[in-house]
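Below, chains carry the letters A, B, ... as their sequence lines are ordered, and counting in each starts from 1.
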Protein chains: 2
Amino acid sequence: MTKKRITLADIAKKTNLSSITISRAFSYPDKVNPETLEIVLKAAAELNYIPNRAARSLKSHQSKIIGIVNPNMSNPFFGQITREMVMKCQEQGYDVLMFDSYELAEFETKAIQNLIEFSVDGIILSTISSDVDYQPTYFDSLKNSDIPVVLLDREIEGDHAGVYIDNLDSAYQIGQYIAKRHAKTQRIDIIGASAISMVSNNRIAGFRAALYDYDIAVHHADFEMQLAYEKAKSLLDEDSYNRVFVGLNNQITLGIIKAIIENGLKPQIDVVVYSIDDVPYSDVFGINIPCMTHNLSEMAFQAVNMIIRLINGEQLNDSKVIIRGILNTPKSGLV
Amino acid sequence: MTKKRITLADIAKKTNLSSITISRAFSYPDKVNPETLEIVLKAAAELNYIPNRAARSLKSHQSKIIGIVNPNMSNPFFGQITREMVMKCQEQGYDVLMFDSYELAEFETKAIQNLIEFSVDGIILSTISSDVDYQPTYFDSLKNSDIPVVLLDREIEGDHAGVYIDNLDSAYQIGQYIAKRHAKTQRIDIIGASAISMVSNNRIAGFRAALYDYDIAVHHADFEMQLAYEKAKSLLDEDSYNRVFVGLNNQITLGIIKAIIENGLKPQIDVVVYSIDDVPYSDVFGINIPCMTHNLSEMAFQAVNMIIRLINGEQLNDSKVIIRGILNTPKSGLV
DNA sequence: CTGAAAGCGCTAACAT
DNA sequence: ATGTTAGCGCTTTCAG
């Protein structure tokens, strides 16, 4: 029934060498005679050898694995950044275990637990929330297990290394752009995450700074589509005349667009929309949303770089990397 | 430096029990005295114990892990189906390791290799291609390692268990719908995957059967957006009058829509579009695409069910499950 | 450059 | 219901 998997010992037998030499051939190829190496590799290939990670990491307590956890792989922001991180980890000799927490605390906790069980060397984590009172219990276990963590995008309270967006500045930048395009009498509706979300609140602060003498209404939802959609919908039902909306992330903006279109209005003509983060598929559907875009490749690079340095026990002179956003306005001048 | 992780032995010491009892407390709680169990669990919690998977799977050669590999997690078809599968695996006591192959053979191979190294109990795989000549080399290793595989959605040559869409029927169903709405003189452009893709060709066959006396032009791209976009664009540049397009999966349809809109035309008014698979975000942007939709939850259920039965060594009386599609036409009658 | 011995943390198999 | 023994496959000493 259970076919026996090929082990180092099998290769050792076949080559009349000891298993440790075989082991070295894979782990430290330069510590073994080139001729021997060739013999080993050939035998391994013939036998179709595949190393056993369990055995390896059991002994060496170094798994060469980085864990990635984020709240929503289907959100292109996380999807793309994860893709870039995976590539970069590979280049650095690390494999990746990725978990989608599906915006659920329960899954996030489970994912972290899993990663600890797998003895990963480090974790890059985007939490489901950036609320100031969001204090996951798993940080204890992480500390106990001595596994370094780099937070990505979603900041939370406490002393954590991380790579973040310059939320305040991003909102300020696009706020200034908005200021140029709309009279001060213009009412502006901002839809963000919870009232205590650090990310959301920094963005709101940025907007307020740029639009200090505008009539700004802030509405709280979360960083998903549905609640934002409902909020926008009820606002439009009240009065759709001359409205300007700002979505504080791409999912929120999608919700706003959905509400606009459902109410028979034309985005950027009847109702103007701005966004933080690029809006997925808006190019496909031909709707230009001026937005703050962020260099996801750079963020991925920084996050991977940071976690690897932490894994190597390096001291970080700066445990926070802040990525500045770039204003991305449509060429075609729809707005 | 290296903090020692808590092990069973630590709990054993603390409770004056043997490690095997502690082990049983976690793996077979009913094989241990309830009072003892309580003591163990309490001690474990106090010590913040986290089991070591490497040790466990090294010994027991049963990892309780299912691997999932698919070509594009950002494609909602795979994103959602994966989500459902993860939930279902959890319910059955399996953890999931998921890999995105990013439509790259190299990554797919690497993912499978990884899963073998992790000694997963089974793999649910959607390959990057369903071309008849796509014969990944890793099936040998899989067979050697005795790891069962269930293919999902993308069929390939050979004797593989799998859960598939009834591609021929799906295309036939929507083909009939199209036949009702367009005169026989109507030219219909179908954009599919490669000329040797089994999935694509089955769908084309279905269309041909339903639209046997129509003027059908089949164009080959792949199951991603870009090529389909280019194809549609060049067709529209030639002549955009009274065209009807069919996209053979959601990504292709997105490419078609992009081309239409870029050419200043209105989807479903100037140019009519049909799709296999729901088109992501089309509801958000208010464009109704009549399509064949598939019960992803059911597919996920079948795939997980099948892999678990294979893991348990059960004989499958039918190693192929075919899911029938449902015609999904807009209520608002845009078409 | 290669090998022998020991042990990582856990769990089958066999006691008691 | 609990304990003893042994060993999974690999790699870290320490020797040669």
Give me the distances for all protein-to-nucleotides 3-7 of chain C N/O pairs that come in under 3.5 Å?
{"unit_1": "C:dG3", "atom_1": "OP2", "unit_2": "A:S18", "atom_2": "N", "d": "3.2"}
{"unit_1": "C:dG3", "atom_1": "OP2", "unit_2": "A:S18", "atom_2": "OG", "d": "3.2"}
{"unit_1": "C:dG3", "atom_1": "OP2", "unit_2": "A:T21", "atom_2": "OG1", "d": "2.5"}
{"unit_1": "C:dG3", "atom_1": "N7", "unit_2": "A:R24", "atom_2": "NH2", "d": "2.6"}
{"unit_1": "C:dG3", "atom_1": "O6", "unit_2": "A:R24", "atom_2": "NH1", "d": "3.2"}
{"unit_1": "C:dG3", "atom_1": "O6", "unit_2": "A:R24", "atom_2": "NH2", "d": "3.3"}
{"unit_1": "C:dG7", "atom_1": "N3", "unit_2": "A:K59", "atom_2": "NZ", "d": "3.4"}

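- Looking at A:R5 and B:S119, their side chains do bring a donor and an acceptor atom within 3.5 Å of each other.
- The side chain of B:Y49 contributes no N or O atom lying less than 4.0 Å from OP1 or OP2 of C:dG9.
- Set against D:dG9, D:dT11, C:dT2, the side chain of A:L58 has D:dG9 as its closest nucleotide.
- For A:F118 and B:F118, the ring centers are positioned less than 6.0 Å apart.
- With D:dC10, C:dT11, C:dG9 as the candidates, the nucleotide lying closest to the side chain of A:T7 is D:dC10.
- Residues satisfying the salt bridge (charged side-chain N to carboxylate O under 4.0 Å, His left out) test with B:D10, not counting sequence neighbours, are B:K4.
- Checked by atom type, the side-chain pair A:N114/B:R53 shows a donor-acceptor distance below 3.5 Å.
- Side chains of B:Q113 and B:E117: a donor-acceptor N/O pair is present below 3.5 angstrom, by distance only.
- Looking at which nucleotide of DNA chain C each of B:F26 and A:K31 is closest to, the 5′-most match is held by A:K31.
- A:Y28 has no side-chain polar atom (N or O) that falls below the 4.0 Å cut-off from OP1 or OP2 of D:dC10.
- Heavy-atom neighbours of A:E46 CD from other residues, nucleotides or ligands within 6.0 Å: above the threshold of 12.
- The A:S27 side chain lies nearest to D:dT11 when the options are C:dA12, D:dT11, D:dG9.
- Not one side-chain nitrogen or oxygen of B:S57 sits closer than 4.0 Å to the OP1 or OP2 atom of D:dC8.
- Closest to the B:T36 side chain, of the nucleotides C:dG9, D:dA1, D:dT11, is D:dA1.
- Side-chain proximity of B:N33 to the nucleotides D:dT11, D:dA1, D:dG9 is greatest for D:dA1.
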